[in-house]
*Asks:* 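Pasting a structure here, questions to come.
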Amino acid sequence: MKTLSTSWLAAALFLGSASVAHAELLDEVKARGTLRIACEGSYPPFNFKDDKGNLTGFDVEIGRAIAAKLGVKPEFTTTEWSGILAGLQAGKYDVIVNQVAATDKRREVFDFSGPYVISYPQLIIRADETRKLETAADLKGKKIGVGQGSNYAELAKSIDGAEVRTYPGAPEYLQDLATGRIDAAINDSLLIPYLREKTKLPVKAGAPIGKPDSNAIPFRKGSPKFQLAINKALEELKADGSYAKISTRWFERDVSKPLAAR
């Protein structure tokens with residue numbers, strides 16, 4: 001979901017080549033008694049401050065649950081996305097739980113857990129929509145709203161015959177969708193329930209469109225015991241129903257599973 005700049009990658013690769021060998025991360029975490037977790041803290045509904053200033057969100061709850069499975073306490077650090085990966089490389093924290101896409105380039109720098117979230121570009125349509133708006137062919141001649149400069153704008157522009165309208169953000173295009181000025185909008189499947197709840201507009205999630213994106217938890221290279229422990233923790237959270245409970249609270253479904261076919 002989140003993208004990585006070329007300049008940061010070059011710097012990170014340099015740091016990685018110059019870094020000294022580390023002890024196994026799992027041993028460090030166990031000895032310390034804490035799992036140091038980084039997130040933005042300003043990326044709702046994944047991680048953000050509530051009205052009382054407390055850190056909350058899907059990723060925060062998942063991070064706490066993983067720490068509990070490891071038998072340690074979670075210790076959160078919030079930092080801007082632009083520097084979050086560099087901070088992990090520098091050893092400021094142990095993991096990032098912040099919807100990080102496990103790209104090939106990032107795997108050159110970090111190791112990752114298995115995927116813990118699957119997200120999709122997804123259509124948003126009016127709550128009372130009766131037309132079939134599910135495929136690129138269905139969207140020919142239709143007006144589609146997207147955020148200016150977003151990946152979804154590029155996706156919409158690739159749809160043959162669609163009229164793409166760009167907006168500063170989701171509230172603006174959802175308002176136009178609700179009033180019929182556009183036929184559909186596109187955003188991340190995980191954000192749609194939150195956006196609908198926040199805006200209170202008569203819109204709903206439509207069909208997935210485009211390719212899925214898997215997100216995972218990065219950490220420094222060379223700690224196979226830690227990788228096994230993180231993956232085991234995630235598997236246990238899914239098996240005992242904890243993951244589904246957390247996921248449904250924030251997204252109305254289990255986001256470790258693909259969307260049901262339509």
Side-chain angles (χ1 to χ4, degrees), residues 1-3 25-26 28-101 112-113 115-119 147 169-171 174 187-201 205 213 215-220 226 229-230 233-238 240-256:
M1 186 180 296
K2 292 285 188 175
T3 58
L25 182 55
L26 182 62
E28 292 184 17
V29 168
K30 292 283 191 179
R32 191 193 313 127
T34 59
L35 179 67
R36 301 176 303 169
I37 304 168
C39 63
E40 289 175 86
S42 57
Y43 186 38
F46 302 105
N47 52 81
F48 62 101
K49 299 287 182 68
D50 64 17
D51 294 339
K52 296 181 180 179
N54 298 316
L55 190 63
T56 188
F58 169 77
D59 281 333
V60 174
E61 291 194 29
I62 291 294
R64 287 175 179 151
I66 289 172
K69 290 292 186 183
L70 296 180
V72 297
K73 294 181 179 179
E75 181 182 295
F76 286 92
T77 295
T78 58
T79 185
E80 292 183 358
W81 172 254
S82 59
I84 199 169
L85 291 162
L88 180 62
Q89 181 69 22
K92 293 181 179 179
Y93 25 82
D94 304 315
V95 295
I96 300 172
V97 187
N98 197 94
Q99 302 303 299
V100 181
F112 281 83
S113 71
Y116 77 109
V117 168
I118 301 174
S119 64
L174 292 179
N187 206 317
D188 189 286
S189 60
L190 303 187
L191 293 177
I192 293 173
Y194 174 79
L195 292 173
R196 189 179 66 239
E197 177 63 24
K198 182 179 179 181
T199 61
K200 302 294 184 182
L201 292 171
D213 191 15
N215 300 309
I217 299 171
F219 45 91
R220 75 184 188 214
F226 183 79
I230 288 288
L234 286 169
E235 290 168 5
E236 290 178 353
L237 290 172
K238 293 173 183 178
D240 67 18
S242 300
Y243 182 100
K245 184 177 180 180
I246 293 170
S247 180
T248 301
R249 178 159 54 248
W250 291 102
F251 304 115
E252 301 177 356
R253 65 181 182 88
D254 184 340
V255 297
S256 70

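Please read all numbers here as calculations on a predicted model, not as lab measurements.
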*Asks:* Atom CZ of Phe58 and atom OH of Tyr194: how far apart are they, to the nearest 0.5 Å?
*Replies:* 15.5 Å
*Asks:* Holding to side chain to side chain contact (heavy atoms under 4.5 Å, CB included), I want the full list of residues that pass it with Lys238, two or more places apart in sequence or in another chain.
*Replies:* Tyr243, Ser256
*Asks:* So which heavy atom on Ser113 is nearest to which on Phe219, and how close?
*Replies:* N-CE2, 3.5 Å
*Asks:* Would you please name every residue forming a side-chain hydrogen bond (donor to acceptor under 3.5 Å, both in side chains) with Ser242, sequence neighbours left out?
*Replies:* Asp240
*Asks:* Not counting sequence neighbours, which residues clear side-chain hydrogen bond (donor to acceptor under 3.5 Å, both in side chains) with Glu236? List them please.
*Replies:* Lys232
*Asks:* Could I get the full list of salt bridge (charged side-chain N to carboxylate O under 4.0 Å, His left out) partners for Glu252, not counting sequence neighbours?
*Replies:* Arg196
*Asks:* What's the verdict on side chain to side chain contact (heavy atoms under 4.5 Å, CB included) for Leu35 and Phe226, showing C-alpha distance, side-chain angles and the deciding distance?
*Replies:* CA-CA 11 Å; Leu35 179 67; Phe226 183 79; 4.0 Å; yes
*Asks:* How long is the straight-line distance from CD1 of Ile84 back to CD1 of Ile96, given to the nearest 0.5 Å?
*Replies:* 4.5 Å
*Asks:* Please work out whether the ring planes of Phe251 and Phe46 are parallel, tilted or perpendicular, with thresholds of 30° and 60°.
*Replies:* tilted
*Asks:* Determine all donor-acceptor pairs shorter than 3.5 Å in which one atom belongs to a side chain in residues 49-56; sequence neighbours excluded.
*Replies:*
| residue | atom | partner | partner atom | Å |
| --- | --- | --- | --- | --- |
| Asp50 | OD1 | Lys52 | N | 2.9 |
| Asp50 | OD1 | Gly53 | N | 3.0 |
| Asp50 | OD1 | Asn54 | N | 2.8 |

*Asks:* Go through the steps for Asn215 and Gln99 under the test side-chain hydrogen bond (donor to acceptor under 3.5 Å, both in side chains), then give the verdict.
*Replies:* CA-CA 5 Å; Asn215 300 309; Gln99 302 303 299; 3.1 Å; yes
*Asks:* Not counting sequence neighbours, which residues clear salt bridge (charged side-chain N to carboxylate O under 4.0 Å, His left out) with Arg36? List them please.
*Replies:* Asp94
*Asks:* Looking at Val72 and Gly33, what are the two nearest heavy atoms and their distance?
*Replies:* CB-O, 3.4 Å
*Asks:* Would you call Val117 and Ile62 a side-chain contact if the rule is heavy atoms closer than 4.5 Å?
*Replies:* no
*Asks:* Please answer whether the main-chain N or O of Leu190 pairs with a side-chain N or O of Ser119 as donor and acceptor at a distance below 3.5 Å.
*Replies:* no
*Asks:* Going by an N to O cut-off under 4.0 Å, is there a salt bridge joining Arg249 and Glu61?
*Replies:* yes
*Asks:* Would you compute the distance between atom CG of Leu88 and atom OG1 of Thr77 and round it to the nearest 0.5 angstrom?
*Replies:* 11.0 Å
*Asks:* Do you know which of Asn47, Asp59, Thr78 makes side chain to side chain donor-acceptor pair (under 3.5 Å) with Asn98?
*Replies:* Asn47
*Asks:* Step by step, would you call Leu237 with Lys69 a side chain to side chain contact (heavy atoms under 4.5 Å, CB included)?
*Replies:* CA-CA 8 Å; Leu237 290 172; Lys69 290 292 186 183; 3.6 Å; yes
*Asks:* What do the steps show when you test Val100 against Phe112 for side chain to side chain contact (heavy atoms under 4.5 Å, CB included), and what is the final call?
*Replies:* CA-CA 10 Å; Val100 181; Phe112 281 83; 4.1 Å; yes
*Asks:* Evaluate Ile37 against Tyr93 for side chain to side chain contact (heavy atoms under 4.5 Å, CB included), listing each step before the verdict.
*Replies:* CA-CA 6 Å; Ile37 304 168; Tyr93 25 82; over 6 Å; no
*Asks:* So, for Phe76 and Cys39, which heavy atoms are closest and what is the spacing to 0.1 Å?
*Replies:* CD2-SG, 4.4 Å
*Asks:* Looking at Leu70, is its backbone amide N or carbonyl O close enough to the side chain of Lys30 to form a donor-acceptor pair, meaning the two atoms are under 3.5 Å apart?
*Replies:* yes
